[in-house]
Amino acid sequence: MRLGEKPKLIDENGRRIDGRLPDELRPIRMEVGVLKNADGSAYVEYGNTKVIVAVYGPREIHPKHLTLPDRAIIRCRYHMTSFSTTERKSPAPTRREIELSKVIREALEGVIFTELYPRTSIDIFIEVLQADGGTRTAGITAASLALADAGIPMKDLVAGVAVGKVDGVLVLDINEVEDEYSEVDLPVAMMPSFKEITLLQMNGVLTEDEFWEALKLAEKGIMKIYEVQRETLMSRYSKVRAEVEE
Amino acid sequence: MSITPTSGRIIPRLRRDTILSLLEKDTRLDGRKLNEYREIVVAPGVIPKSEGSALARIGSTTAIAGVKIGVGTPFPDTPNEGVLTVNVEFVPLASPTLEPGPPDENAIEIARVIDRCLREIRAIDLSKLVIIPGEKVYIIWLDIYILDHDGNVLDASMLAGMAALLDTRVPKVEIDEKKNVRIIRDETTPLPINHKVVTVSIAKIGNKLIVDPNLDEDDIVDAKITIGISDDGRIVGLQKAGPGVFTYDDLRLAIKYAKENSVKLLRALEEKKGTKISLNSVLKSYVEEKILKHQII
């Protein structure tokens, strides 16, 4: 949506529309174990982007013909609540949500040891509660936390962030306004310990050199997000441990 | 909801192992090198009733694209631009594994990747497709149908789509005093194109990267990356698919392969540009070629 005049996205001091420097993340908040019914759950905020994720499973699949004899299947739904956007979004799944459910599933599937749970399903439900840019990457970050909270073995956590190019400058963790007017949107997710890319999309035009620069910037953000993920899990489970030991 | 595919084609263990062991020797089941694309055929103008059309073949993978043009209202955020809509259909005649129904996540993903690769670089000059600013604009419907699925349908769809756009002629319109728009299909001008775009898909199997996977390879890939390349050599879109992962080194090699092969695809777009090929002749030459190669008798 490009309604009205394009605002100035980088000021004279090189600051962004919300005062951040180009390589700065928004304030990031995370919680795990926020839902009672789910086997694992997580809540993640990237600034005003707010995402909640529940993981159910490994559990039996209905219908049965979807089972795989040698591993678990992954079912993933990325969904935006109708009140998450400026204009009400119809709750029916859009083409965008169908595509993102697929790329998010694929970003997580290679990380989970699915062969440990044959004939079962691991279900990941992502609800975007408020959208302000970077919802799919926040969703992945939250989903990997929820999987960890469900006790599902994984090679690594997955953390994601989107890099954009606004007013010709590469910027980390774009918000909605930046996304609207950005020349490039490059969402990336990685297994931080291995520096392996599990999600990569690009909407926009870049030279190869710019692409590498953007990817490096994404990696920088991902390493910081990964730290917060680890701290969140550590503090949660050290509390659980203390309770158990009492 | 996106579900791990479980109802795909079953590839025999023996064939899978053969593919893997050949890859270790840097070769492939069909004799290609790792970075070698299959033979490409682009036939524009195959559907004269459409405003633009093309059939594209990559090996046996076949896609047909048609453009229809109508008049409608612009999106409120882009009042001074025409509208481009891309749709991809996997019809059941293309493969025994496909079933009728609305586009599934694979078809939607491909359509959206093609749309993004065309949109951001402004491959079509949508600003020249305005009839009454803010009120009436041309709507370009690009519909792509897969006819034969032998792997790498994304690149074939993009190629057919781009070729169809290059073949497209925009009908003139008449506007009366009540702002009613009438389309005159007999008088046309070429669709304004700024850039030609192609995609090159590279699959990762084990730790090997291969260009343009055929169906057998497509069925056992760990991950794929599709790279959109414009005629001026820029990257215009990226999409990673599949559960596997890519390292930085993989991406470096994939971009190199994509740039090399984009030249071949862009050349294929130029070869028959501006001509009208009969559908009969493309399909016939295809059958004859297959007989010559003893593929079917």
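Naming convention: chains lettered A, B, ... in sequence-line order (proteins, then strands); numbering from 1 in each chain.
Rounded to the nearest 0.5 Å, atoms CD1 (B/Ile3) and CD1 (A/Ile74) are 11.5 Å apart. A distance of 6.0 Å separates CG in A/Asp123 from CE in B/Met1, rounded to the nearest 0.5 Å. Remark: A/Phe211 CZ to B/Arg234 CZ distance equals 16.0 Å, nearest 0.5 Å. Between the CG atom of A/Leu215 and the CG atom of B/Leu251 there is a distance of 6.5 Å, given to the nearest 0.5 Å.
Put simply, of B/Gly242, B/Gly237, B/Gly244, the one with the most heavy-atom pairs under 4.5 Å next to chain A is B/Gly242. When each of A/Thr207, A/Val184, A/Ile124, A/Leu68 is checked for heavy-atom pairs under 4.5 Å with chain B, A/Leu68 comes out on top. Between chain B and the residues A/Arg75, A/Arg77, A/Arg105, the most heavy-atom pairs under 4.5 angstrom are made by A/Arg105. Note on A/Glu109, A/Met190, A/His65: by heavy-atom pairs under 4.5 Å with chain B, the leading option is A/Glu109.
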Q: Could you walk me through whether A/Trp212 and B/Ile255 pass the side chain to side chain contact (heavy atoms under 4.5 Å, CB included) test, one step at a time?
A: CA-CA 11 Å; A/Trp212 290 114; B/Ile255 293 174; 3.9 Å; yes

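In this structure, chain A has no heavy atom under 4.5 Å from any part of B/Ile227. When heavy atoms are compared at a cutoff of 4.5 Å, A/Tyr78 does not approach chain B at all. With a threshold of 4.5 angstrom between heavy atoms, A/Arg71 approaches chain B through side-chain atoms but not through N, CA, C or O. With a 4.5 angstrom heavy-atom cutoff, A/Leu199 touches chain B only via backbone atoms. Both the backbone and the side chain of A/Arg95 come within contact range of chain B, with heavy atoms under 4.5 Å apart. Both the backbone and the side chain of B/Arg252 come within contact range of chain A, each with at least one heavy atom under 4.5 Å from a heavy atom of that chain.
Side-chain contact between A/Val205 and B/Ile235 is absent, with no heavy-atom pair separated by less than 4.5 Å. For the pair B/Thr247/A/Ile197, no side-chain contact is recorded, criterion being any heavy-atom separation below 4.5 Å from C-beta on. Considering only heavy atoms from C-beta on, A/Met191 comes within 4.5 Å of B/Val245 through its side chain. A 4.5 Å side-chain heavy-atom check between B/Leu238 and A/Leu186 finds at least one atom pair inside the cut-off. Within the 4.5 Å cutoff, the side chain of A/Leu200 has heavy atoms near those of the B/Ile225 side chain. Side-chain atoms of B/Arg116 and A/Gln201, non-hydrogen and from C-beta on, do get closer than 4.5 Å to each other.
For A/Glu208 and B/Lys259, the salt-bridge test passes: some basic side-chain N is under 4.0 Å from an acidic carboxylate O.
Open room surrounds CD on B/Glu99; 12 or fewer heavy atoms of other groups in view lie less than 6.0 Å from it. Residue B/Phe75 qualifies as open at atom CZ: its count of foreign heavy atoms under 6.0 Å is 12 or below.
Between A/Glu219 and B/Tyr248, the side chains place a donor N or O and an acceptor N or O closer than 3.5 Å (distance only, hydrogens not considered).
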Check residues 123-130 of chain B and write down every donor-acceptor pair under 3.5 Å in which the side-chain atom is one partner and the other belongs to a residue at least two apart or another chain.
from: B/Asp125; atom 1: OD1; to: B/Ser127; atom 2: N; distance (Å): 3.3
from: B/Asp125; atom 1: OD1; to: B/Ser127; atom 2: OG; distance (Å): 2.6
from: B/Asp125; atom 1: OD2; to: B/Lys128; atom 2: NZ; distance (Å): 3.3

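Residues of residues 97-104 of chain A that come within less than 4.5 angstrom of chain B, heavy atom to heavy atom, are A/Ile98, A/Glu99, A/Ser101, A/Lys102, A/Val103 in numerical order.
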